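Worksheet for the structure shown next.
This one's a predicted model, so the numbers in the text were calculated from it and none came from an experiment.
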Amino acid sequence: MKTAITEMFGIEHPIVQGGMHYVGFAELAAAVSNAGGLGIITGLTQRTPELLAKEVARCRDMTNKPFGVNLTFLPTFNAPPYPEYIAAIREGGIKIVETAGRSPEQYMPALKAAGIKVIHKCTSVRHSLKAEQIGCDAVSVDGFECGGHPGEDDMPNMILLPRAAEELKIPFVASGGMADARSLVAALAMGAAGMNMGTRFIATKEAPVHDNVKKAIVAASELDTRLVMRALRNTERVLKNAGVERLLDIERERGSKLKIEDIHDEVASVYPKVMIDGEMDAGAWSCGMVVGLIHDIPTVKELIDRIMVDAERIIRARLTGFLDAESKATRKVA
Ligand SMILES: Cc1cc2nc3c(=O)[nH]c(=O)nc-3n(C[C@H](O)[C@H](O)[C@H](O)COP(=O)(O)O)c2cc1C
(Lines give C-alpha, C1' and ligand atoms only; values in the text may rest on other atoms or scores of the structure.)
Protein backbone atom coordinates (compact mmCIF):
# COMPACT_ATOMS: atom_id res chain seq x y z
CA MET A 1 0.00 0.00 0.00
CA LYS A 2 1.33 3.44 -0.95
CA THR A 3 0.38 6.57 1.00
CA ALA A 4 1.99 9.94 1.73
CA ILE A 5 3.42 8.36 4.91
CA THR A 6 4.98 5.30 3.23
CA GLU A 7 6.55 7.64 0.67
CA MET A 8 7.79 10.15 3.25
CA PHE A 9 9.46 7.56 5.48
CA GLY A 10 10.50 5.04 2.81
CA ILE A 11 8.51 2.18 4.37
CA GLU A 12 6.39 -0.59 2.86
CA HIS A 13 3.26 -0.39 5.04
CA PRO A 14 1.60 2.73 6.56
CA ILE A 15 2.05 1.48 10.13
CA VAL A 16 4.08 3.30 12.77
CA GLN A 17 5.04 2.01 16.21
CA GLY A 18 4.73 4.91 18.66
CA GLY A 19 7.51 5.56 21.16
CA MET A 20 6.81 3.71 24.42
CA HIS A 21 8.69 4.14 27.67
CA TYR A 22 10.53 0.91 28.60
CA VAL A 23 8.99 -0.88 25.59
CA GLY A 24 10.54 0.93 22.61
CA PHE A 25 13.95 -0.73 22.74
CA ALA A 26 15.97 -1.77 19.69
CA GLU A 27 14.35 -5.26 19.59
CA LEU A 28 10.84 -3.92 19.00
CA ALA A 29 11.84 -1.04 16.72
CA ALA A 30 13.90 -3.39 14.52
CA ALA A 31 11.10 -5.99 14.40
CA VAL A 32 8.58 -3.37 13.25
CA SER A 33 10.93 -1.91 10.64
CA ASN A 34 11.92 -5.38 9.39
CA ALA A 35 8.20 -6.18 8.96
CA GLY A 36 7.79 -3.10 6.72
CA GLY A 37 6.47 -0.59 9.27
CA LEU A 38 8.29 2.23 11.04
CA GLY A 39 9.87 1.18 14.33
CA ILE A 40 10.69 3.82 16.92
CA ILE A 41 13.20 3.73 19.79
CA THR A 42 12.07 5.66 22.87
CA GLY A 43 14.83 8.22 23.43
CA LEU A 44 14.29 9.00 27.11
CA THR A 45 14.09 5.35 28.20
CA GLN A 46 17.85 5.52 27.66
CA ARG A 47 19.05 7.33 30.77
CA THR A 48 21.80 9.28 28.99
CA PRO A 49 22.47 10.47 25.42
CA GLU A 50 25.44 8.05 25.32
CA LEU A 51 23.14 5.12 26.08
CA LEU A 52 20.75 6.29 23.36
CA ALA A 53 23.65 6.33 20.87
CA LYS A 54 24.38 2.70 21.83
CA GLU A 55 20.71 1.70 21.47
CA VAL A 56 20.59 3.28 17.99
CA ALA A 57 23.74 1.35 17.01
CA ARG A 58 22.22 -1.86 18.41
CA CYS A 59 19.07 -1.32 16.32
CA ARG A 60 21.15 -0.70 13.22
CA ASP A 61 22.76 -4.11 13.76
CA MET A 62 19.27 -5.67 13.70
CA THR A 63 17.78 -3.90 10.66
CA ASN A 64 18.85 -2.07 7.53
CA LYS A 65 15.37 -0.54 7.15
CA PRO A 66 14.47 3.01 8.29
CA PHE A 67 13.65 3.47 11.98
CA GLY A 68 13.16 6.53 14.17
CA VAL A 69 13.64 7.87 17.69
CA ASN A 70 10.94 9.33 19.96
CA LEU A 71 11.67 12.45 21.99
CA THR A 72 9.04 13.24 24.58
CA PHE A 73 8.73 16.69 26.15
CA LEU A 74 6.60 16.05 29.23
CA PRO A 75 6.83 17.35 32.79
CA THR A 76 9.28 15.04 34.57
CA PHE A 77 10.89 15.16 37.99
CA ASN A 78 14.29 15.95 36.37
CA ALA A 79 14.43 17.68 32.95
CA PRO A 80 16.60 15.66 30.50
CA PRO A 81 19.41 17.33 28.43
CA TYR A 82 17.44 17.49 25.16
CA PRO A 83 20.17 19.14 23.00
CA GLU A 84 22.53 16.28 23.88
CA TYR A 85 19.88 13.68 23.03
CA ILE A 86 19.39 15.43 19.68
CA ALA A 87 23.16 15.35 19.09
CA ALA A 88 23.14 11.57 19.72
CA ILE A 89 20.22 11.18 17.27
CA ARG A 90 21.99 13.26 14.62
CA GLU A 91 25.32 11.50 15.06
CA GLY A 92 23.59 8.11 14.94
CA GLY A 93 22.37 8.96 11.43
CA ILE A 94 18.69 8.89 12.44
CA LYS A 95 16.49 10.57 9.80
CA ILE A 96 13.08 10.30 11.50
CA VAL A 97 12.12 11.70 14.91
CA GLU A 98 8.73 11.36 16.60
CA THR A 99 8.22 14.24 19.03
CA ALA A 100 5.47 14.35 21.64
CA GLY A 101 4.28 16.38 24.59
CA ARG A 102 5.17 20.06 24.41
CA SER A 103 5.81 21.72 21.02
CA PRO A 104 9.20 20.80 19.53
CA GLU A 105 9.54 24.37 18.15
CA GLN A 106 12.81 25.27 19.89
CA TYR A 107 14.48 22.08 18.62
CA MET A 108 13.21 22.24 15.01
CA PRO A 109 16.25 24.16 13.62
CA ALA A 110 18.65 21.50 14.99
CA LEU A 111 16.50 18.63 13.70
CA LYS A 112 15.93 20.17 10.27
CA ALA A 113 19.61 21.10 9.87
CA ALA A 114 20.38 17.37 10.19
CA GLY A 115 17.84 16.51 7.44
CA ILE A 116 15.55 14.81 9.96
CA LYS A 117 11.84 14.31 9.20
CA VAL A 118 9.75 15.22 12.25
CA ILE A 119 6.41 13.62 13.04
CA HIS A 120 4.82 15.34 16.04
CA LYS A 121 2.19 13.57 18.11
CA CYS A 122 -0.72 15.84 19.05
CA THR A 123 -4.13 15.41 20.62
CA SER A 124 -5.88 18.39 19.01
CA VAL A 125 -6.38 20.10 15.68
CA ARG A 126 -4.89 23.36 17.02
CA HIS A 127 -1.67 21.66 18.11
CA SER A 128 -1.52 19.81 14.76
CA LEU A 129 -1.81 23.12 12.91
CA LYS A 130 0.91 24.60 15.12
CA ALA A 131 3.12 21.60 14.27
CA GLU A 132 2.50 22.20 10.57
CA GLN A 133 3.30 25.89 10.99
CA ILE A 134 6.66 25.29 12.72
CA GLY A 135 7.79 22.93 9.95
CA CYS A 136 6.91 19.42 11.11
CA ASP A 137 6.67 17.03 8.17
CA ALA A 138 3.75 15.01 9.50
CA VAL A 139 1.64 14.60 12.60
CA SER A 140 0.37 11.66 14.58
CA VAL A 141 -3.17 12.61 15.62
CA ASP A 142 -3.81 10.97 18.96
CA GLY A 143 -7.45 10.53 20.04
CA PHE A 144 -8.91 10.32 23.55
CA GLU A 145 -8.87 6.49 23.34
CA CYS A 146 -5.08 6.39 23.29
CA GLY A 147 -2.72 4.85 25.78
CA GLY A 148 -0.52 7.50 27.39
CA HIS A 149 -1.36 11.20 27.41
CA PRO A 150 -4.60 12.01 25.58
CA GLY A 151 -4.47 15.74 26.44
CA GLU A 152 -7.32 17.60 28.09
CA ASP A 153 -9.86 17.98 25.26
CA ASP A 154 -11.24 14.42 25.50
CA MET A 155 -11.76 14.27 21.73
CA PRO A 156 -12.22 10.78 20.28
CA ASN A 157 -10.83 9.86 16.89
CA MET A 158 -14.24 9.65 15.12
CA ILE A 159 -14.29 13.46 15.34
CA LEU A 160 -10.61 14.33 15.68
CA LEU A 161 -9.41 12.56 12.52
CA PRO A 162 -11.91 14.06 10.05
CA ARG A 163 -11.36 17.47 11.70
CA ALA A 164 -7.61 17.06 11.21
CA ALA A 165 -8.25 16.11 7.57
CA GLU A 166 -10.32 19.28 7.11
CA GLU A 167 -7.53 21.54 8.37
CA LEU A 168 -4.11 20.01 7.74
CA LYS A 169 -1.99 20.21 4.60
CA ILE A 170 0.74 17.87 5.85
CA PRO A 171 -0.02 14.11 6.06
CA PHE A 172 -1.06 12.54 9.33
CA VAL A 173 -1.38 9.09 10.87
CA ALA A 174 -4.25 8.12 13.15
CA SER A 175 -3.16 7.20 16.66
CA GLY A 176 -5.10 5.84 19.62
CA GLY A 177 -7.38 2.82 19.50
CA MET A 178 -5.70 1.33 16.41
CA ALA A 179 -5.32 -2.46 16.51
CA ASP A 180 -6.05 -4.17 13.23
CA ALA A 181 -7.08 -3.88 9.58
CA ARG A 182 -10.44 -2.38 10.53
CA SER A 183 -8.62 0.43 12.33
CA LEU A 184 -6.31 1.04 9.37
CA VAL A 185 -9.09 1.14 6.76
CA ALA A 186 -11.25 3.38 8.98
CA ALA A 187 -8.29 5.71 9.57
CA LEU A 188 -7.65 5.94 5.82
CA ALA A 189 -11.36 6.60 5.22
CA MET A 190 -11.24 9.49 7.69
CA GLY A 191 -8.34 11.14 5.89
CA ALA A 192 -5.26 9.69 7.60
CA ALA A 193 -2.34 8.34 5.56
CA GLY A 194 -1.63 5.51 7.98
CA MET A 195 -1.85 4.53 11.62
CA ASN A 196 0.27 4.63 14.75
CA MET A 197 -0.06 1.85 17.32
CA GLY A 198 1.23 1.68 20.86
CA THR A 199 -0.57 -0.80 23.12
CA ARG A 200 -1.09 -3.37 20.30
CA PHE A 201 2.67 -3.66 19.73
CA ILE A 202 3.33 -4.48 23.41
CA ALA A 203 1.45 -7.77 23.03
CA THR A 204 3.87 -9.17 20.43
CA LYS A 205 6.54 -11.83 20.77
CA GLU A 206 9.39 -9.38 20.13
CA ALA A 207 8.29 -6.65 22.58
CA PRO A 208 11.08 -6.85 25.18
CA VAL A 209 8.81 -6.68 28.23
CA HIS A 210 7.86 -9.16 30.96
CA ASP A 211 5.31 -11.82 29.93
CA ASN A 212 2.99 -10.63 32.72
CA VAL A 213 2.48 -7.37 30.80
CA LYS A 214 1.51 -9.19 27.60
CA LYS A 215 -0.83 -11.50 29.52
CA ALA A 216 -2.45 -8.54 31.32
CA ILE A 217 -3.11 -6.85 27.97
CA VAL A 218 -4.71 -9.97 26.49
CA ALA A 219 -6.82 -10.47 29.65
CA ALA A 220 -8.04 -6.85 29.89
CA SER A 221 -11.23 -5.51 28.35
CA GLU A 222 -11.97 -2.09 26.90
CA LEU A 223 -13.42 -1.14 30.31
CA ASP A 224 -10.14 -1.63 32.17
CA THR A 225 -8.29 1.63 31.60
CA ARG A 226 -8.37 4.61 33.97
CA LEU A 227 -7.49 8.30 33.57
CA VAL A 228 -5.04 9.60 36.18
CA MET A 229 -3.48 13.02 36.91
CA ARG A 230 -6.48 14.92 35.53
CA ALA A 231 -6.22 17.53 38.32
CA LEU A 232 -2.61 18.20 37.27
CA ARG A 233 -3.65 18.71 33.62
CA ASN A 234 -1.22 15.91 32.77
CA THR A 235 -3.87 13.25 32.11
CA GLU A 236 -2.61 9.75 31.43
CA ARG A 237 -4.62 6.69 30.36
CA VAL A 238 -3.33 3.64 32.24
CA LEU A 239 -4.31 0.04 32.90
CA LYS A 240 -6.15 -0.34 36.20
CA ASN A 241 -4.31 -2.21 38.96
CA ALA A 242 -3.91 -2.00 42.74
CA GLY A 243 -1.32 0.81 42.46
CA VAL A 244 -3.67 2.82 40.22
CA GLU A 245 -6.55 2.32 42.68
CA ARG A 246 -4.27 3.73 45.43
CA LEU A 247 -3.42 6.66 43.19
CA LEU A 248 -7.10 7.36 42.44
CA ASP A 249 -7.89 7.25 46.19
CA ILE A 250 -5.22 9.91 46.82
CA GLU A 251 -6.57 11.97 43.91
CA ARG A 252 -10.12 11.82 45.29
CA GLU A 253 -8.88 12.78 48.75
CA ARG A 254 -6.72 15.74 47.58
CA GLY A 255 -9.16 16.97 44.89
CA SER A 256 -8.00 20.14 43.15
CA LYS A 257 -5.20 20.52 45.75
CA LEU A 258 -3.39 17.49 44.29
CA LYS A 259 0.35 17.96 43.76
CA ILE A 260 2.63 15.64 41.80
CA GLU A 261 4.58 14.89 45.01
CA ASP A 262 1.38 13.39 46.52
CA ILE A 263 1.42 10.58 43.96
CA HIS A 264 5.19 10.24 43.52
CA ASP A 265 5.25 6.56 44.59
CA GLU A 266 2.46 5.57 42.20
CA VAL A 267 3.90 7.33 39.11
CA ALA A 268 7.70 7.60 39.50
CA SER A 269 10.00 4.71 38.56
CA VAL A 270 7.01 2.46 37.85
CA TYR A 271 7.97 1.44 34.30
CA PRO A 272 11.01 -0.73 35.06
CA LYS A 273 9.05 -2.50 37.83
CA VAL A 274 6.21 -3.31 35.42
CA MET A 275 8.01 -3.84 32.13
CA ILE A 276 11.15 -5.59 33.40
CA ASP A 277 10.10 -7.22 36.68
CA GLY A 278 6.46 -7.89 35.73
CA GLU A 279 5.10 -6.31 38.96
CA MET A 280 1.64 -5.59 37.63
CA ASP A 281 0.39 -3.66 40.68
CA ALA A 282 3.38 -1.29 40.90
CA GLY A 283 1.50 1.81 39.75
CA ALA A 284 0.49 3.77 36.66
CA TRP A 285 1.65 2.61 33.25
CA SER A 286 0.13 3.74 29.95
CA CYS A 287 -2.36 1.52 28.18
CA GLY A 288 -5.05 2.29 25.61
CA MET A 289 -8.74 1.35 25.49
CA VAL A 290 -7.70 -0.75 22.52
CA VAL A 291 -6.73 -3.52 24.99
CA GLY A 292 -10.31 -4.67 24.46
CA LEU A 293 -9.37 -5.58 20.87
CA ILE A 294 -6.16 -7.45 21.68
CA HIS A 295 -6.66 -11.20 22.01
CA ASP A 296 -3.30 -12.74 21.08
CA ILE A 297 0.49 -12.37 21.13
CA PRO A 298 1.67 -12.75 17.52
CA THR A 299 5.10 -11.92 16.14
CA VAL A 300 5.33 -8.36 14.84
CA LYS A 301 5.55 -9.70 11.28
CA GLU A 302 2.45 -11.88 11.75
CA LEU A 303 0.59 -8.85 13.12
CA ILE A 304 1.59 -6.47 10.34
CA ASP A 305 1.07 -9.05 7.56
CA ARG A 306 -2.37 -9.88 8.97
CA ILE A 307 -3.30 -6.20 9.06
CA MET A 308 -2.25 -5.63 5.46
CA VAL A 309 -3.92 -8.80 4.08
CA ASP A 310 -7.16 -8.09 5.97
CA ALA A 311 -7.11 -4.41 4.95
CA GLU A 312 -6.97 -5.39 1.28
CA ARG A 313 -9.85 -7.82 1.81
CA ILE A 314 -11.95 -5.18 3.60
CA ILE A 315 -11.35 -2.64 0.87
CA ARG A 316 -11.72 -4.96 -2.16
CA ALA A 317 -14.45 -7.31 -0.94
CA ARG A 318 -16.44 -5.65 1.83
CA LEU A 319 -16.36 -2.00 0.74
CA THR A 320 -16.42 -2.29 -3.04
CA GLY A 321 -18.84 -5.18 -2.48
CA PHE A 322 -21.42 -2.66 -1.26
CA LEU A 323 -21.03 -0.68 -4.49
CA ASP A 324 -21.16 -3.81 -6.66
CA ALA A 325 -24.30 -4.93 -4.83
CA GLU A 326 -25.81 -1.51 -5.41
CA SER A 327 -25.03 -1.51 -9.13
CA LYS A 328 -26.45 -5.05 -9.43
CA ALA A 329 -29.63 -3.93 -7.65
CA THR A 330 -29.85 -0.89 -9.91
CA ARG A 331 -29.37 -3.08 -12.98
CA LYS A 332 -32.15 -5.37 -11.78
CA VAL A 333 -34.54 -2.42 -11.42
CA ALA A 334 -33.51 -1.10 -14.83
C1 LIG B 1 3.30 1.61 27.77
C2 LIG B 1 3.25 2.85 26.93
C3 LIG B 1 4.24 3.79 27.05
C4 LIG B 1 4.21 4.96 26.27
N5 LIG B 1 5.25 5.85 26.36
C6 LIG B 1 5.29 6.93 25.52
C7 LIG B 1 6.40 7.81 25.53
O8 LIG B 1 7.35 7.65 26.31
N9 LIG B 1 6.38 8.86 24.65
C10 LIG B 1 5.34 9.06 23.79
O11 LIG B 1 5.39 9.99 22.99
N12 LIG B 1 4.27 8.24 23.77
C13 LIG B 1 4.23 7.19 24.60
N14 LIG B 1 3.16 6.32 24.55
C15 LIG B 1 2.07 6.56 23.57
C16 LIG B 1 2.26 5.76 22.27
O17 LIG B 1 3.38 6.17 21.56
C18 LIG B 1 1.04 5.89 21.35
O19 LIG B 1 0.88 7.24 20.97
C20 LIG B 1 -0.23 5.40 21.99
O21 LIG B 1 0.02 4.19 22.67
C22 LIG B 1 -1.31 5.22 20.95
O23 LIG B 1 -2.47 4.72 21.53
P24 LIG B 1 -2.83 3.14 21.60
O25 LIG B 1 -2.12 2.64 22.80
O26 LIG B 1 -4.31 3.13 21.71
O27 LIG B 1 -2.31 2.50 20.35
C28 LIG B 1 3.14 5.18 25.36
C29 LIG B 1 2.11 4.23 25.27
C30 LIG B 1 2.16 3.07 26.03
C31 LIG B 1 1.04 2.08 25.88
Side-chain angles (χ1 to χ4, degrees), residues 8-9 16-33 38-63 65-123 127 130-131 134-140 142 147-149 173 175 196 198 201 207-209 234 236 260 267-272 275-276 285-286:
M8 179 178 291
F9 296 138
V16 179
Q17 166 246 316
M20 286 182 281
H21 199 35
Y22 276 90
V23 183
F25 292 98
E27 287 80 2
L28 181 61
V32 174
S33 290
L38 181 68
I40 297 204
I41 291 175
T42 318
L44 298 186
T45 297
Q46 303 302 322
R47 286 187 324 280
T48 64
E50 294 73 34
L51 288 172
L52 176 59
K54 283 192 183 142
E55 195 66 8
V56 167
R58 220 161 64 77
C59 196
R60 225 176 267 302
D61 282 344
M62 293 183 226
T63 184
K65 302 268 177 70
F67 63 93
V69 170
N70 167 285
L71 265 188
T72 303
F73 307 107
L74 284 176
T76 53
F77 288 98
N78 301 304
Y82 287 110
E84 292 165 34
Y85 275 96
I86 290 173
I89 289 169
R90 205 182 49 225
E91 284 153 26
I94 291 291
K95 292 293 172 206
I96 303 165
V97 165
E98 178 198 48
T99 52
R102 272 180 297 118
S103 165
E105 187 166 9
Q106 75 180 106
Y107 303 108
M108 287 303 286
L111 294 165
K112 290 277 104 190
I116 290 171
K117 296 246 183 280
V118 178
I119 177 164
H120 184 56
K121 192 155 52 196
C122 341
T123 56
H127 291 143
K130 173 79 185 168
I134 64 170
C136 291
D137 301 277
V139 280
S140 195
D142 211 19
H149 293 269
V173 296
S175 177
N196 177 66
F201 276 123
V209 302
N234 183 29
E236 183 179 0
I260 186 77
V267 298
S269 314
V270 168
Y271 276 82
M275 300 298 175
I276 297 170
W285 62 277
S286 298

| request: Check side chain to side chain donor-acceptor pair (under 3.5 Å) between Thr99 and all other residues, then give those that pass, not counting sequence neighbours. | output: His120

| field | By salt bridge (charged side-chain N to carboxylate O under 4.0 Å, His left out) - contacts of Glu27 (at least two apart) | value | Arg58

| said: Going by the rule salt bridge (charged side-chain N to carboxylate O under 4.0 Å, His left out), which residues pair with Lys130 if we only count those two or more places apart in sequence or in a different chain? | reply: Glu105

| request: With sequence neighbours excluded, tell me which residues meet side chain to side chain donor-acceptor pair (under 3.5 Å) with Ser103. | output: none

| Check: Ser286 side chain, Gly147 main-chain N or O, donor-acceptor pair, under 3.5 Å | no

| request: Taking ring pair (Phe, Tyr, Trp, His ring centres under 6.0 Å) as the test, write out the residues that go with His149, two or more places apart. | output: none

| request: Could you walk me through whether Ile94 and Arg60 pass the side chain to side chain contact (heavy atoms under 4.5 Å, CB included) test, one step at a time? | output: CA-CA 10 Å; Ile94 291 291; Arg60 225 176 267 302; 4.0 Å; yes

Scan the side chains in residues 65-74 for donor-acceptor partners under 3.5 Å anywhere in the protein, sequence neighbours excluded, and list what turns up.
from: Asn70; atom 1: OD1; to: Thr72; atom 2: OG1; distance (Å): 2.6
from: Asn70; atom 1: ND2; to: Glu98; atom 2: OE1; distance (Å): 2.5

| note | Contacts of Thr48 meeting side chain to side chain donor-acceptor pair (under 3.5 Å) (sequence neighbours excluded), chain-then-number -> Glu50

| said: Test: side-chain hydrogen bond (donor to acceptor under 3.5 Å, both in side chains). Region: residues 79-95. Which pairs qualify, not counting sequence neighbours? | reply: none

| message | Tell me every residue that passes side chain to side chain contact (heavy atoms under 4.5 Å, CB included) with Lys54, counting only those two or more places apart in sequence or in another chain. | response | none

| task | Decide side chain to side chain contact (heavy atoms under 4.5 Å, CB included) for Ile41 and Leu52; before the verdict, give the C-alpha distance in whole Å, the side-chain angles of both, and the deciding distance to 0.1 Å. | result | CA-CA 9 Å; Ile41 291 175; Leu52 176 59; 4.0 Å; yes

| task | Return the set of residues passing side chain to side chain donor-acceptor pair (under 3.5 Å) with Ser175 (not counting sequence neighbours), or none when no residue passes. | result | Asp142, Asn196

| Residues which pass side chain to side chain contact (heavy atoms under 4.5 Å, CB included) with Val270, listed by chain and number, not counting sequence neighbours | Val274, Ala282

| When rounded to the nearest 0.5 angstrom, what is the spacing between CG in Leu38 and CD1 in Ile96? | 4.5 Å

